[in-house]
Amino acid sequence: MNGKGSFFVELGTLIVAVVTMFFSIFTYGNTSGLEEKKQTNERFLASLERLGSDSMAVRMGALYILEGVNKEKDSDRKAAVEIMSAFIRYHQPRKTRDNKEAECSSLTRPKTDVQTAATILGRRNTRGENFGVGEQPELHDTALTRIDLHKAQLDKADFTDSDLRCARFVDAHLREAVLIGAFLQHANFSDADLTGAKLKHARLSGVIWRNTTCPDGTNSDTASNACETHLSAH
């Protein structure tokens, strides 16, 4: 399967939305606003094309373009988050349902550009606001073993059925994150905030709970250093 072609198929609706947004500059806003919007749309289109490149360096550059767009206006953040989430899902899909116990050293890390995309998503300036529908990272059904998401801001992110064995979530914000059915064996949640997170059917053997805020708001250090007994409502 042609990687570039398949990637653009998955992002087809986003491309249409961005192109539509591009043409809207001719009918809406003032002159300075039109020029600014035109530049943003051109950057979106350029990043979409470069994300399909066979070159790792080109793809990395496209991700940093999207990060710049993500920092500018609330109206553009949703598209940037959706594009980076789709990029991760495409390049790092969960291909098997057989996620058994394994030594962390035997598991592969995500590709460099996938780790970069996840890092960018995790360092968005969330400012504590309630995101609109679609603005939360959609990283369900992904294979992200040993991914490093320390200090990541991933409140409400969707990791349903993802393979996150040995992932590093140290000091991460995962309030109301969806981790239903996720494979989390040996993941490190030290100092992480999981208030309201949903972990129903998640595999939790060997998870490190050290000063973790559990889904019910309690602290792991007062719960025998584990959050498992505080997941029944989630």
Side-chain angles (χ1 to χ4, degrees), residues 67 70-71 74 77-86 88-89 92 94 99 110 114-115 117-234:
E67 180 176 28
N70 189 42
K71 291 178 179 178
D74 291 347
R77 292 192 324 187
K78 180 176 181 291
V81 170
E82 287 182 345
I83 292 169
M84 285 187 281
S85 295
I88 293 172
R89 292 196 307 271
Q92 216 63 60
R94 182 181 166 199
N99 297 84
V114 170
Q115 174 67 69
T119 299
I120 290 172
L121 285 174
R123 66 185 179 211
R124 294 171 302 144
N125 181 16
T126 61
R127 300 189 298 276
E129 74 274 24
N130 293 319
F131 296 141
V133 175
E135 197 169 327
Q136 301 86 0
E138 298 285 345
L139 303 176
H140 51 80
D141 298 293
T142 51
L144 299 172
T145 55
R146 299 181 70 188
I147 194 166
D148 186 352
L149 291 170
H150 76 283
K151 294 187 177 182
Q153 302 281 336
L154 290 169
D155 294 342
K156 300 185 180 181
D158 184 0
F159 289 101
T160 300
D161 291 328
S162 288
D163 186 356
L164 295 161
R165 288 174 294 169
C166 302
R168 186 169 181 250
F169 290 105
V170 177
D171 204 19
H173 287 217
L174 293 160
R175 293 182 292 263
E176 298 184 48
V178 182
L179 292 151
I180 296 172
F183 288 82
L184 294 164
Q185 295 97 321
H186 304 291
N188 189 343
F189 287 101
S190 298
D191 299 307
D193 186 353
L194 287 162
T195 303
K198 298 173 177 60
L199 289 105
K200 186 176 181 180
H201 302 310
R203 280 69 163 180
L204 301 168
S205 61
V207 167
I208 298 173
W209 311 104
R210 186 176 297 116
N211 194 36
T212 308
T213 302
C214 301
D216 64 355
T218 60
N219 187 278
S220 62
D221 284 348
T222 61
S224 301
N225 203 37
C227 284
E228 282 93 339
T229 57
H230 296 261
L231 307 177
S232 59
H234 303 279

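In this chain, residues are counted from 1 in sequence order.
Heavy atoms only, all atoms of each residue included: T145 and P110 are closest at O-CD, 3.3 Å. Of all non-hydrogen atoms in L164 and A187, the two that sit nearest each other are O-CB, 4.0 Å. Taking every heavy atom of both residues into account, P215 and A197 meet most closely at CB-O, 3.5 Å. Looking at every heavy atom in both residues, S220 comes nearest to N211 through OG-N, 3.1 Å. For V114 against Q92, the heavy-atom pair with the smallest separation is CG2-OE1, 3.7 Å. Closest of all the heavy-atom pairs between L139 and S162 is O-OG, 2.7 Å.
Checked by atom type and distance alone, the side chain of S85 pairs as donor or acceptor with a backbone atom of V81 at under 3.5 Å.
Residue Q185 holds its CD atom at 7.5 Å from CG of D163, rounded to the nearest 0.5 Å. Atom CD1 of residue I88 and atom CD1 of residue I83 lie 12.5 Å apart, to the nearest 0.5 angstrom. Separation of atoms CD (E138) and NZ (K156) is listed at 12.5 Å; rounding is to 0.5 Å. Separation of atoms CG (D148) and CZ (R168) is listed at 5.0 Å; rounding is to 0.5 Å. Expressed to the nearest 0.5 Å, how far CD of E67 lies from CE of M84 amounts to 7.0 Å. We find the CZ-CG distance between R165 and L144 to be 11.5 Å, quoted to the nearest 0.5 Å.
Applying the side-chain hydrogen bond (donor to acceptor under 3.5 Å, both in side chains) test to D171 and every residue at least two apart in sequence or in another chain returns nothing. Residues satisfying the side-chain hydrogen bond (donor to acceptor under 3.5 Å, both in side chains) test with S190, not counting sequence neighbours, are N188, R210. With sequence neighbours excluded, the residues that form a side chain to side chain contact (heavy atoms under 4.5 Å, CB included) with T213 are D193, T195. Applying the salt bridge (charged side-chain N to carboxylate O under 4.0 Å, His left out) criterion to R146, with sequence neighbours excluded, gives no partner residue. Under the side chain to side chain contact (heavy atoms under 4.5 Å, CB included) criterion, H201 pairs with no residue, sequence neighbours left out. Scanning for side-chain hydrogen bond (donor to acceptor under 3.5 Å, both in side chains) contacts around D158 gives T160, with sequence neighbours left out. For F169, the ring pair (Phe, Tyr, Trp, His ring centres under 6.0 Å) partners are F189, not counting sequence neighbours. A search for side-chain hydrogen bond (donor to acceptor under 3.5 Å, both in side chains) contacts involving H186 returns E101, not counting sequence neighbours.
Counting only heavy atoms from C-beta outward, the side chains of D155 and E176 never approach each other to under 4.5 Å. For the pair F159/L184, no side-chain contact is recorded, criterion being any heavy-atom separation below 4.5 Å from C-beta on.
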Worksheet item: Passes side-chain contact (heavy atoms from CB on, under 4.5 Å), R89 versus H140? Steps please.
Response: CA-CA 8 Å; R89 292 196 307 271; H140 51 80; 3.8 Å; yes
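Counting only residues at least two apart or on different chains, no disulfide bond (SG atoms under 2.5 Å apart) pair has a member in residues 167-196.
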